[in-house]
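These notes concern the structure reproduced below.
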Amino acid sequence: MMKNAIEVRGLTVDRGGQRVLDGLDLDIAAGVVTGLLGPSGCGKSTLLRSIVGVQKTRSGEVTVLAEPAGSRPLRDRVGYVTQDASVYEDLTVTENLRFFARVLGCDQAEVSRVIAAVDLGSHADAVAGELSGGQLSRASLAVALLGSPDLLVLDEPTVGLDPVLRRDLWRLFHSLADSGVTVLVSSHVMDEAERCQRLLLMRDGVILADGTPAEVKERAGAEDVEAAFLSLVEGAAA
Amino acid sequence: MTPRITLAVAVRVLTQIRRDHRTLGMLLLLPCLLMSLLWWMFEGLAPETFDRFGPALLAMFPFIVMFLVTSVTTLRERSSGTLERLLAMPMGKLDFLLGYAIAFGLVAAAQSVLAVAVSVGLLGLDVVGPVWLLGVVAVFDAVLGTALGLLASAFARTEFQAVQFMPAFVLPQILLCGLFVPRPALPDTLSAISDVLPLSYAVDAMQTLTQSSSTGEVWQDLAVVAGFALACLALGAATLPRRTD
């Protein structure tokens with residue numbers, strides 16, 4: 001039996017007077033790359049924020065690596081990349097990483113390791129504010145890799161990246177998963193679905209499908225994930 | 001609270017300031033230039049006039065500047081997502097707040113050394129008490145400004161709002177601190193209000209220092225300023241939720 005890294009039970013979240021998630025139940029297996037796919041505004045970020053433990057929730061339970069989400073023992077075991085590039089734009093890439101490494105209490109040798117992992121070696125001394133959007137999001141990803149966390153929660157980490165880099169990053173995610181790390185990646189681009197070992201299709205705060213890409217397509221009787229998504233939405237509406 | 005993390009925040013904030021040459025220049029030189037302006041204004045008047053207003057201004061600069069700088073920078077941390085990331089890490093709220101307080105306290109120390117040196121050395125400000133204590137008071141004022149700025153930033157949604165908290169939080173304190181009307185001469189209600197405003201004590205400390213060589217009262221005023229700063233930091237920590245909407 002596969003162990004779950006994340007268990008969500010009856011999660012309800014309101015934002016700005018709107019119910020974003022309503023009694024959501026969800027399990028995410030450990031040691032695989034799970035893709036959370038859905039259009040923007042469907043509640044992906046809210047779900048990820050709840051898993052990291054920075055989202056105010058109304059009710060329900062989120063258990064991460066057998067601890068309550070956001071609790072103290074998890075704070076150096078979960079790497080989190082927000083949708084904004086959460087790095088200091090007036091510091092260099094290296095200075096940013098040195099700072100976060102100090103906060104996490106991990107070895108300063110980690111800094112050069114994660115810079116290499118996201119292929120930012122040539123920009124290690126560049127001020128973050130002068131990087132391109134793609135470089136900036138890689139710098140932010142590097143911060144999340146510090147200290148080799150057991151769970152990586154990545155909110156749209158591949159937006160605006162060059163296809164070659166995108167492929168390299170997915171390779172990185174898979175090699176991390178092979179070493180036992182649970183990787184949860186959100187995306188609004190359906191063609192990234194095929195790169196995930198498991199898929200969660202989400203719309204309007206509801207999980208439409210949950211399974212391997214092949215299972216999701218088969219159940220919907222569709223050629224690709226985008227078509228599966230459409231047929232699931234229309235099936236739910238009918 | 002973890003000293004390693006508090007220190008990391010302080011070092012990081014100082015690195016950011018060091019990179020921003022314009023801000024650094026303004027932080028260090030502006031108080032000196034404004035003190036010179038004040039001295040020049042009073043050129044034709046009795047020399048005591050500068051001695052009367054100078055100390056109050058030395059107390060205000062670090063307070064106002066640090067209030068503004070802190071409320072805007074913390075708000076930037078909130079809106080850029082770095083604060084959310086830090087709070088998802090093993091970062092204590094007090095680590096964050098004290099880190100800022102330490103960094104800006106150090107900047108204020110440098111700022112006040114320069115401002116005091118110019119005021120006393122070049123402009124002839126008369127200080128009866130120990131000159132070094134002027135610097136200590138200035139650092140306390142800066143930490144107070146930082147703490148109040150951290151607290152104010154909790155109530156602002158945008159940097160635009162944060163800047164407007166300056167007149168709301170700071171101007172009344174300047175009006176009531178005894179600079180324009182000596183505090184005992186204020187109407188009873190206002191005098192009572194000025195008794196619970198921290199800047200009053202900061203200005204009192206500066207004025208006592210320039211007029212008398214006994215330092216007991218100065219330390220009492222400083223204790224009040226420090227108490228206010230700690231209370232603001234504690235309130236600031238309470239208004240810094242790990243979970244947000």
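Residue numbers start from 1 in every chain, and the chains themselves are labelled A, B, ... in the order their sequence lines are given, proteins ahead of strands.
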Pull out the residues in residues 118-128 of chain A that come under 4.5 Å of chain B, heavy atom to heavy atom, sorted by number.
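Residues V127(A) are the ones that qualify, each having a heavy atom under 4.5 Å from chain B.
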
Should [X] and [Y] count as side-chain neighbours, where that means a heavy-atom distance under 4.5 Å?
X: Y80(A); Y: M89(B); result: no
X: D90(A); Y: R18(B); result: no
X: T15(B); Y: E95(A); result: yes
X: R242(B); Y: V54(A); result: no

Tell me, out of V52(A), D76(A), T82(A), T57(A), who's got the most heavy-atom pairs with chain B below 4.5 Å.
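When all of V52(A), D76(A), T82(A), T57(A) are compared, D76(A) has the most.
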
Using a cut-off of under 4.5 Å on heavy-atom pairs, state which of V143(A), V13(A), V20(A) scores highest against chain B.
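Most pairs with chain B among the choices: V143(A).
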
Could you tell me whether [X] atom [atom1] has more than 12 heavy atoms of other residues or ligands within 6.0 Å of it?
X: E67(A); atom1: CD; answer: yes
X: R58(A); atom1: CZ; answer: no
X: Q108(A); atom1: CD; answer: yes

L86(B), part contacting chain A, at a heavy-atom distance under 4.5 Å:
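The side chain, not the backbone.
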
Report which part of V9(B) has an atom under 4.5 Å of a heavy atom belonging to chain A: side chain, backbone, both, or neither.
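For V9(B), heavy atoms of backbone and side chain both lie under 4.5 Å from chain A.
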
Check each atom of [X] against the heavy atoms of chain B and say whether the ones under 4.5 Å are side chain, backbone, both or neither.
X: S71(A); answer: neither
X: N96(A); answer: neither
X: S140(A); answer: both
X: A144(A); answer: both

Taking atom [atom1] of [X] and atom [atom2] of [Y], what is their separation to the nearest 0.5 Å?
X: L91(A); Y: T82(B); atom1: CG; atom2: OG1; value: 10.0 Å
X: R19(B); Y: E89(A); atom1: CZ; atom2: CD; value: 13.0 Å
X: K56(A); Y: D245(B); atom1: NZ; atom2: CG; value: 4.5 Å

Considering only NZ, NE, NH1 and NH2 on the basic side and carboxylate oxygens on the acidic side, decide whether D84(A) and R85(B) come within less than 4.0 Å.
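Result for this pair is no, no salt bridge flagged.
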
Here's one to test your reading of the geometry: is the NZ or CZ of R12(B) within 45 degrees of the ring axis of Y88(A) and under 6.0 Å from its centre?
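Yes - R12(B) lies over the ring of Y88(A), closer than 6.0 Å to its centre and within 45° of its axis.
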
Please lay out, stage by stage, how R49(A) and T244(B) fare under the test side-chain hydrogen bond (donor to acceptor under 3.5 Å, both in side chains).
CA-CA 9 Å; R49(A) 283 171 44 98; T244(B) 49; 3.1 Å; yes

Heavy-atom pairs under 4.5 Å with chain A are the metric here; pick the option from G81(B), S79(B), P241(B) that has the most.
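Looking at each of G81(B), S79(B), P241(B) in turn, G81(B) comes out on top.
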
Residue pair [X] / [Y]: nearest heavy atoms and the distance that separates them:
X: P90(B); Y: V103(A); result: CG-O, 4.2 Å
X: R4(B); Y: L104(A); result: NH2-C, 3.7 Å
X: R102(A); Y: V11(B); result: NH1-CG1, 4.0 Å

In terms of side-chain heavy atoms, does S50(A) have a donor or acceptor partner in R243(B) at a distance below 3.5 Å?
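Side chains of S50(A) and R243(B): no pair found under 3.5 Å.
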
